[in-house]
Visitor: 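Please see the structure below; I have some questions.
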Amino acid sequence: MSDPWSSLKSELSSTLSRVLGKNVEVRELPAGSPHGDFCLPCFGLSPDPVSAASDLASSVRAEFVIPISEGPYLNFRIDWEKFAPRLLKAVGPSYGRGNEGKKVMVEFCHANTHKELHIGHVRNLCIGEAVARILEFRGNRVLRANYQGDIGPHVAKCIWGYLNLEFPEPKDPVEKGRLLGKLYTEACKKAPEEEVKRITKALYEGDPETVEVWRKTREWSLEYFDSIYREFGVRFDRLYFESQTAEPGKRIALDLLRRGIAKISDGAVVVDLTEFDLGIVVLVTKEGYPLYPAKELGLAELQFSEGIDRCIHVVASEQNLYFKQVFKIFEMMDPELSAKSHHLSYELVRLKSGKMSSREGNVVTYHDVTEALRKKVEAEYGSESAGKVALAALKYGMLKMDTNTPVSFDLEEATKLKGDTGPYLLYTLVRAKSILEKAGDPGGLEFSDLAPEEIELLRLISRFPSVVKKSAEDLKPHRLARFLFDLSDAFNRFYEKHRVVGSEHEGRRLEIVRCVSTVLETGLGLLGIETVSRM
RNA sequence: GUCCCGGUAGCUCAGCCUGGACAGAGCACCUGCCUCCUAAGCAGGGUGUCGCGGGUUCGAAGAUCCGGAAGUCCCGUCCGGGACACCA
């Protein structure tokens, strides 16, 4: 919970506010800035910002920082010789932790059964897990939830395929998953529409024969997903299925009808949101089937019965309008429900050839990518920890850009192993740990004559807590990912230039390396990236 | 047609929330660097109409005149993607 840098920053801000007689806040300068660590632009302070800055520079006294006026700016340089001991002492496994104390459900993945997991799901999985871990680290109790569509026309198509197509019996979970994916795609091309409707109906009405096939294939799907989740390092605390939200969803929809929130239109149960520019939402079809929005209401009932303070739905941006609609209905039902709900939207993963569609079979699956990656790692560097390195590359690649940035997926781009990649971060950590293993008797700590590369590392280490906090507030893991890259970059420059073991400054350098290693390991952990000890 | 997201180096992307302080990385390409803590590394080499157009924009009692910073804020527009009543 200790965050010396933020404390320093806020102390400095209040000192300045006292001197100036008004509330000001110093701004942090980017870690590599030649101007120092904090600055106060003096433009609004007086008609003459330049002399205001220099007046302030000579009148302000604060511990650990040296004020310097540069033009209209009042800059502050941290006195690292004095500040370093305080900072390094704070760095341990819980450095950067918070105590926010909320109970949060993070709902992500949403893979539909009877289909293959593709790279779009991978982005979702990466974001969801990273956000879950970051929120946990900030002191929240997190429940990971996965809401899966295990019923409906897409399932009916797959069942049609199972009943009408030839296939060899699948042996392991991966084969089972892949087979279902193929059956689905084939059925989309071949299954007659009436047949799909018939099976959908049979499924909803509980026709024993159809249900049996459904049970079996659904089980295959879940085994397949489980094998991937295990490999990926995700475990869900709650699994919700559409088959279980349909009935309560319909019940709630009918209740909304009684309360006058919903109405009948063309025989369907709808909520009219046109006054909010959100169109009309159909809850129950004229045939009496609950649609997705109705099921969402059923799901919310299940979720909020857990007493959660917040529910974060990690769902692609194509559902933006949908979530606005659902949250508006929440608001009409119970404002608190909508206040606690949040849609973490991310842009789609597309292929260069266009949008992926399991219906058309033009998807890049989870196994396509992980296998390509693993093979490449093995070919170039040998098989030692190839699987973990491959996953690191995949996860970091998905997390390093803003959730708002659309991904145009390219296998070549995704299998890069050098530069701004997951393996680079892993490698940096391996190097740092290797130094720590070889360390002799550290000797005393002194911080005189710090090299620029050492100061750079201290600056980055100091900012870790605020980066994590910001990442958590914005629900943007890429901020943390970028930070870890910058840290690695700075560490590798330091590594190249300065000897640690056996050097004159071994004591403090070991301490710095220890902190880099701790921060890197913690940070990678928050991104859901498993580290390795050798590469 | 309406709404949402994107447009920054050849390519992939940061930076925009919180305006000022050189517009930054990585990849790719070229040149160096392993008797020394792991070369998946490091050093050097050069690139930009920040899609386009407009607007707005700090300081003293007031008034007037002059000056007054945009990749970042606002509006418009173009391009790409997505969404928009019985799919999920």
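All heavy atoms count here, side chains included; hydrogens, waters and symmetry mates do not. To find a chain, count down the sequence lines: A is the first, B the second, and so on, and within it residues start at 1.
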Visitor: Quantified in whole Å, what is the P atom distance between nucleotide C13(B) and nucleotide U8(B)?
Guide: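 Their P atoms lie roughly 9 Å apart.
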Visitor: Taking 4.0 Å as the cut-off, does a side-chain nitrogen or oxygen of Arg509(A) come that near to OP1 or OP2 on C37(B)?
Guide: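 For C37(B), OP1/OP2 do not have a side-chain N/O of Arg509(A) under 4.0 Å.
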Visitor: Would you mind checking if Asp486(A) and Arg482(A) are paired as a salt bridge, meaning a charged N to carboxylate O distance below 4.0 Å?
Guide: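 Salt bridge flag = no for Asp486(A) with Arg482(A).
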Visitor: Counting side-chain heavy atoms from CB outward, which of G15(B), A40(B), C86(B) is closest to Val377(A)?
Guide: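 Nearest to the side chain of Val377(A) among the choices is A40(B).
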Visitor: Looking at every strand, decide which applies to Lys286(A) at a 4.0 Å heavy-atom threshold: base, sugar-phosphate, or nothing.
Guide: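 Base contact.
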Visitor: Write down the distance between CG (Leu321(A)) and C1' (C87(B)), rounded to a whole number of angstrom.
Guide: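 Atom-to-atom, Leu321(A) to C87(B), this comes out as 15 Å.
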Visitor: Closer than 3.5 angstrom, by distance alone: can the side chain of Ser13(A) be matched with the main-chain N or O of Val26(A) as a donor-acceptor pair?
Guide: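 Flag set: sc Ser13(A) to bb Val26(A) pair under 3.5 Å.
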Visitor: Below the 4.0 Å mark, does G80(B) have OP1 or OP2 next to a side-chain nitrogen or oxygen of Arg350(A)?
Guide: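 Answer no for this pair, as no side-chain N or O of Arg350(A) is under 4.0 Å from OP1 or OP2.
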Visitor: Return the 5'-most residue of the pair Glu347(A), Tyr427(A) with respect to RNA chain B, ranking by each residue's nearest nucleotide.
Guide: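 Of the two residues, Glu347(A) wins.
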Visitor: In this structure, which one of Arg27(A), Arg77(A), Lys9(A) forms a side-chain contact (heavy atoms from CB on, under 4.5 Å) with Phe38(A)?
Guide: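 Testing Phe38(A) for a side-chain contact (heavy atoms from CB on, under 4.5 Å) against Arg27(A), Arg77(A), Lys9(A) leaves exactly one candidate, Lys9(A).
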Visitor: Can you tell me the base-pairing partner of A83(B)? Count Watson-Crick or G-U wobble geometry only, both distances below 3.5 Å, and say none if there is no partner.
Guide: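 Pair assignment: A83(B) / U2(B).
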Visitor: Check every atom of A88(B), G41(B), C4(B) against the side chain of Glu242(A) and return the nucleotide holding the closest atom.
Guide: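 Closest nucleotide among those given: A88(B).
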Visitor: Could you classify C34(B) for me, syn or anti, using a glycosidic angle within 90° of 0 as syn?
Guide: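 Syn for C34(B); the angle stays within 90° of 0.
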Visitor: So is the aromatic ring of Tyr322(A) stacked onto the base of A83(B), judging by whether the centres are under 5.5 Å apart and the planes are under 30° apart?
Guide: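 Taking the rule of under 5.5 Å and under 30°, the ring of Tyr322(A) does not stack on A83(B).
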Visitor: Nucleotide by nucleotide, 5' to 3', does protein get under 4.0 Å of the base (B), only the sugar-phosphate (S), or neither (-) in nucleotides 69-76 of chain B, counting heavy atoms?
Guide: --------
Visitor: How would you label the contact of Asp486(A) with the nucleic acid (heavy atoms, under 4.0 Å): base, sugar-phosphate, or nothing?
Guide: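 Touches nothing.
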Visitor: Closer to the 5' end of RNA chain B via nearest nucleotide, is it Pro290(A) or Val501(A)?
Guide: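 So the residue in question is Val501(A).
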Visitor: Which nucleotide in the set A83(B), C37(B), G15(B) lies at the smallest distance from any side-chain heavy atom of Tyr495(A)?
Guide: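 Of the candidates, C37(B) comes closest.
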Visitor: Counting Watson-Crick and G-U wobble pairs only, both distances under 3.5 Å, name the nucleotide matched with C13(B), or none.
Guide: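 The base-pairing partner of C13(B), which may sit in any strand shown, is G24(B).
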Visitor: Please output the side-chain donor-acceptor pairs of residues 387-399 of chain A that fall under 3.5 Å, not counting sequence neighbours, one pair per line with the distance.
Guide:
unit_1	atom_1	unit_2	atom_2	d
Lys388(A)	NZ	Glu530(A)	OE2	3.2
Lys395(A)	NZ	Phe232(A)	O	2.7
Lys395(A)	NZ	Gly528(A)	O	2.7
Tyr396(A)	OH	Asp420(A)	OD1	2.6

Visitor: Can you figure out which of U18(B), C42(B), C86(B) approaches the side chain of Lys470(A) most closely?
Guide: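 It is U18(B).
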Visitor: Determine whether Tyr240(A) and Gln303(A) satisfy the following criterion, side chain to side chain donor-acceptor pair (under 3.5 Å), listing intermediate values before the conclusion.
Guide: CA-CA 9 Å; Tyr240(A) 300 112; Gln303(A) 293 175 321; 5.3 Å; no
Visitor: Does a side-chain N or O from His478(A) land closer than 4.0 Å to OP1 or OP2 of G15(B), or not?
Guide: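 Yes, such a contact exists.
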Visitor: For A88(B), does either OP1 or OP2 sit under 4.0 Å from a side-chain N or O belonging to Tyr184(A)?
Guide: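 For A88(B), OP1/OP2 do not have a side-chain N/O of Tyr184(A) under 4.0 Å.
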Visitor: Strictly below 4.0 Å: does Ser317(A) bring a side-chain N or O up to OP1 or OP2 of A83(B)?
Guide: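 Checking A83(B) against Ser317(A), no side-chain N or O comes under 4.0 Å of OP1 or OP2.
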Visitor: Ring centres under 6.0 Å, that's the criterion: do His343(A) and Phe327(A) meet it?
Guide: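 Ring centres of Phe327(A) and His343(A) not closer than 6.0 Å.
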Visitor: Choose from A25(B), A14(B), C5(B) the nucleotide whose nearest atom is closest to any side-chain atom of Met401(A).
Guide: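 Nearest to the side-chain atoms of Met401(A), counting from C-beta on, is A14(B).
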Visitor: Starting at atom CD of Gln325(A), determine the distance to atom P of C86(B), rounded to an integer number of angstrom.
Guide: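 To the nearest whole Å, that distance equals 11 Å.
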